[in-house]
Protein chains: 4
Amino acid sequence: MAQSDTVTRILDTAEVLFAERGFAETSLRNITSKAKVNLAAVNYHFGSKKALIQAVFSRYLDPFTQRFHAALDELENRYNGQVIPLEELLETMARTVLEVPAERNSLKVFMRLLGLAYSQAQGHLRRHIQSEYGEAFTRFTELVRQATPELPDAERFWRLHFMLGTVIFTLSGLDALRDIAAKDYQEQVTVKDLVRRMRPVVVAAMNAPLPEPAGERHVHAAT
Amino acid sequence: MAQSDTVTRILDTAEVLFAERGFAETSLRNITSKAKVNLAAVNYHFGSKKALIQAVFSRYLDPFTQRFHAALDELENRYNGQVIPLEELLETMARTVLEVPAERNSLKVFMRLLGLAYSQAQGHLRRHIQSEYGEAFTRFTELVRQATPELPDAERFWRLHFMLGTVIFTLSGLDALRDIAAKDYQEQVTVKDLVRRMRPVVVAAMNAPLPEPAGERHVHAAT
Amino acid sequence: MAQSDTVTRILDTAEVLFAERGFAETSLRNITSKAKVNLAAVNYHFGSKKALIQAVFSRYLDPFTQRFHAALDELENRYNGQVIPLEELLETMARTVLEVPAERNSLKVFMRLLGLAYSQAQGHLRRHIQSEYGEAFTRFTELVRQATPELPDAERFWRLHFMLGTVIFTLSGLDALRDIAAKDYQEQVTVKDLVRRMRPVVVAAMNAPLPEPAGERHVHAAT
Amino acid sequence: MAQSDTVTRILDTAEVLFAERGFAETSLRNITSKAKVNLAAVNYHFGSKKALIQAVFSRYLDPFTQRFHAALDELENRYNGQVIPLEELLETMARTVLEVPAERNSLKVFMRLLGLAYSQAQGHLRRHIQSEYGEAFTRFTELVRQATPELPDAERFWRLHFMLGTVIFTLSGLDALRDIAAKDYQEQVTVKDLVRRMRPVVVAAMNAPLPEPAGERHVHAAT
DNA sequence: AATGAATGAGTCTTCATTCAT
DNA sequence: TATGAATGAAGACTCATTCAT
């Protein structure tokens, strides 16, 4: 077996299984037996299961940040100092997210990991991600700020995370939702489909009117 | 030890630990030792770990669905056959969601559990939830359908779940997000704050224009 | 529920389950849940699982020994001091064995239990049986001794157990053997059929010539 | 520790303990601790307790069938088309059964398993054995048929199983019977002893006169 | 007299990891 | 460099039994 063939097979298999079942529910035995690789190979090549998870993650994240920066460069070039419209920014983000995983499952894995990073109490994963792709996110946020000058900073922060929730929730729980949708709408949605559907929603959400100031809510005000 | 004190202690502890770590990462040993209860008690009272997970959920969902149905009854009464505006529906949902766990001061836990139900493998859990509160959700969906007659059914389905993602992600990852926000905006958000902020976003998202049909996407069409 | 109804239900159920699965493989939970009786009832009424096993046996052995003694009394009376022929003794045994469980239509169960008593570890059970019906067996053995004066004692002991093996194995594994036989010989045997077939075999076996003394076996002596 | 030393030690120990106590009453802990082997080793090497039981079984059965076929070959060669006498066939069977287990306990284990295979409700074990050594048994049965041409097929079938009962019951319940015999006859029987004693009994049983036809039984016909 | 609750010891099995080769 | 074997810790679950009521 070629040198790094084993490494690749492990990564490929782990990616699929992680996406299907989650991290805790996927054992190294599952991975190595499906990858037809020695059980000890994971520990030999990666050191530990944790390290394998991060490796799977990095294989997506590294090219993503690289491409994302490149795409933003191109965008800034094109607009040459002018404000980049919000739609362009979101579009660029979406395109890059979709482009990277030649392998299809890694997107789900990536989203799942992102979801974990935010929901898990221990912040170590969050910090790892923030130090890895925080810079790209900060750059993106700043461009969004310029595209939505009327939004208070805090509002923008929350709305971006509202949308992050939409994306992560939808894509990481994709299988579950697909099950439900398929039963009711005979429709086999693809990731691209979903992204297409998300676009107007996200734009509208970001451009929504500001909320009434705190304390002035009237429950039946709509009537 | 009092009658069903044990049951309550198990549920309370399991709830917290599940929310903190997820289902697979929480062992019965973790739960029973923290709850100061015999290891076999879980199996005695609930039958299995699976059943315990479902019981944790039911303790939320049972009162929730009950209240939710009551609230929708009241709403239908008030509107007396007329179409109930989307804002009212969302408002009612939000209020009920907030009321129920308020008693236990554990909205965050509930949301995290819901998130897990969607993202973690546990197919049994999703099925359990669907059969338990599916009816309430269906009723709600139908009212939303009447309030948004112009939306295709599939579109509405997905948008509702997009928004579900927003809510679950934001409220379940509240601590993490609060950390980040506090550092940057000196602002200590409350759950009510967030719900206030979400309202216009959710309404705008639901009312967003329809996406371009599949296959016709032009990347730079927005310009 | 009537007083000893519970006891009867436990015994009935235990009997069936023990015969189906063996003692160790049948839990008190199995028994009590199938008998629709409280889990603690076995320990309450019988004291322990061991005692339950013995009780199941006694319910057969008590009437059996009683009848067997009566039948032997009648036989001795009839032969009035003369030697009772072996065929009569075996016949009497067979008849009594068939009569007792006939009331409960559970000869098979009884045989399976007897088989278990010999083959399973349960030393306590063997000892219990020996002290319970050992006397009847001793009496029977002595009559057989008189009917077969030429047989050394040890030889008679073993041959009786050889035949016990035949009977227990055949009747306790009846279903399995019936399956095989039915497939090959289109014949649906009844218990009475089998007993009829066993009679000449058992007689011949008991009357077989003595074995060559130990150490003098010649493998090809038959030629 | 040497290569498959562990496997052998597990098999050896399991064999002894299974024979002493039965399968359900022997825990993997019992085995591994007595074999001075890690608790997980059984599952590592055999996969499950069930598989271990079958492995113990196969270690006896595989060489047995092989030798048995060889012995029958030799016999057929020697008799060169002539009918092989029943005594020779039984003798060959007995010899092969005794030869195989260099380790002494496996015979008892083997017999116990055979007993289980017939008496247990679930036929899976019976089917396993039938597919494993059914061919050898069929071959043997056919030779017995030629040696006892006067016997109706059904009669032969049942008599063979009567004798199987004798052998299995005696050898699998050996410890129990030995206990009883030792108390009464100061005699420490060996397996070889028993087989010597069985020989004339089995021959006589197979050659017993045919039973009276069904329906003509007269209980006191012997007088 | 009878039972629901509880328990401690035990079951088999699976885990990620290590080690000798 | 790579792997089959082995391992200690932990997993969920079941057991017969006890106890307070």
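The structure displayed is predicted, hence computed values, not measured ones. The figures that follow rest on heavy atoms only: side chains count, while hydrogens, waters and symmetry mates do not. Each chain gets a letter, A, B and so on, in the order the sequences are listed, and its residues count up from 1.
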_Can you tell me if H45(B) touches the phosphate of dA5(E), counting only side-chain N or O atoms and a distance under 4.0 Å to OP1 or OP2?_
no
*asked:* Measuring from the side chain of L39(A) (C-beta onward, heavy atoms only), which nucleotide among dT17(E), dG11(F), dC19(F) has the closest atom?
replied: dT17(E)
_Taking side-chain contact (heavy atoms from CB on, under 4.5 Å) as the definition, give me every residue that meets it alongside S58(B), ordered by chain and number, with sequence neighbours left out._
D62(B), H128(B), E132(B)
*Considering residues at least two apart in sequence or located in another chain, which fulfil the side-chain contact (heavy atoms from CB on, under 4.5 Å) criterion with A55(B)?*
L11(B), F46(B)
*Could you tell me which nucleotide pairs with dT21(F) by Watson-Crick or G-U wobble geometry, both distances under 3.5 Å, or answer none if nothing does?*
dA2(E)
*Identify whether any heavy atom of T26(A) sits under 4.0 Å from a base atom; if not, whether one sits that close to sugar-phosphate; answer base, sugar-phosphate or nothing.*
sugar-phosphate
*If only atom types and distance count, is the side chain of R9(A) paired as donor or acceptor with the main-chain N or O of A35(A) below 3.5 Å?*
yes
*F23(A) CZ - dA16(E) P separation (whole Å)*: 14 Å
*asked:* Under 3.5 Å for both donor-acceptor distances, Watson-Crick or wobble: does dG10(E) have a partner, and if so which one?
replied: dC13(F)
*Find which nucleotide of DNA chain F each of K49(B) and A41(A) is nearest to by heavy atoms, and output the residue with the more 5' nucleotide.*
A41(A)
*Using atom NZ of K36(C) as one end and atom P of dT3(E) as the other, report the distance to the nearest whole Å.*
15 Å
*Give the rounded distance in Å between these two atoms: CD of E25(C) and P of dA16(F).*
11 Å
_From CD1 of I10(A) over to C1' of dT17(E), roughly how many Å is that when rounded to an integer?_
14 Å
_Atom pair distance, as rounded to whole Å: CG in D5(A) and C1' in dA2(F)_ = 14 Å
*Between F110(B) and Y60(B), what is the ring plane arrangement, given parallel below 30°, perpendicular above 60°, and tilted in between?*
parallel
*Where each residue is assigned the nucleotide of DNA chain F containing its nearest heavy atom, which of N30(C) and R29(D) is assigned the position nearer the 5′ end?*
R29(D)
_Closest listed nucleotide, where the reference is the side chain of T6(D) and the choices are dT17(E), dG11(F), dA6(F)_ = dA6(F)
_If the cut-off is 4.0 Å, is N43(D) near the phosphate of dT13(E), judged by side-chain N/O to OP1 or OP2?_
yes
*Counting just side-chain N and O atoms, does S27(C) come under 4.0 Å of either OP1 or OP2 of dT14(F)?*
no
_Spacing of F46(B) atom CZ relative to dT14(F) atom P, expressed in whole Å_ = 16 Å
*Would you indicate which nucleotide in dC19(F), dC19(E), dT11(E) comes nearest to any side-chain atom of A40(C)?*
dC19(F)
*T8(A) and D5(A): side-chain donor and acceptor closer than 3.5 Å?*
no
*Over how many whole Å does the gap from I31(B) atom CD1 to dG11(F) atom C1' extend?*
13 Å
*To the side chain of S48(A), which of dC13(F), dT17(F), dT17(E) is closest?*
dT17(E)
*Among dA16(E), dA2(E), dT17(F), find the nucleotide with the atom closest to the side chain of L28(A).*
dA16(E)
*Rounded to the Å, how far apart are N38(D) CG and dT14(E) P?*
15 Å
*dT1(F) phosphate, OP1 or OP2: any side-chain N/O from Y44(A) under 4.0 angstrom?*
yes
_Basic-acidic side-chain contact under 4.0 Å: K34(A), D12(A)_ = no
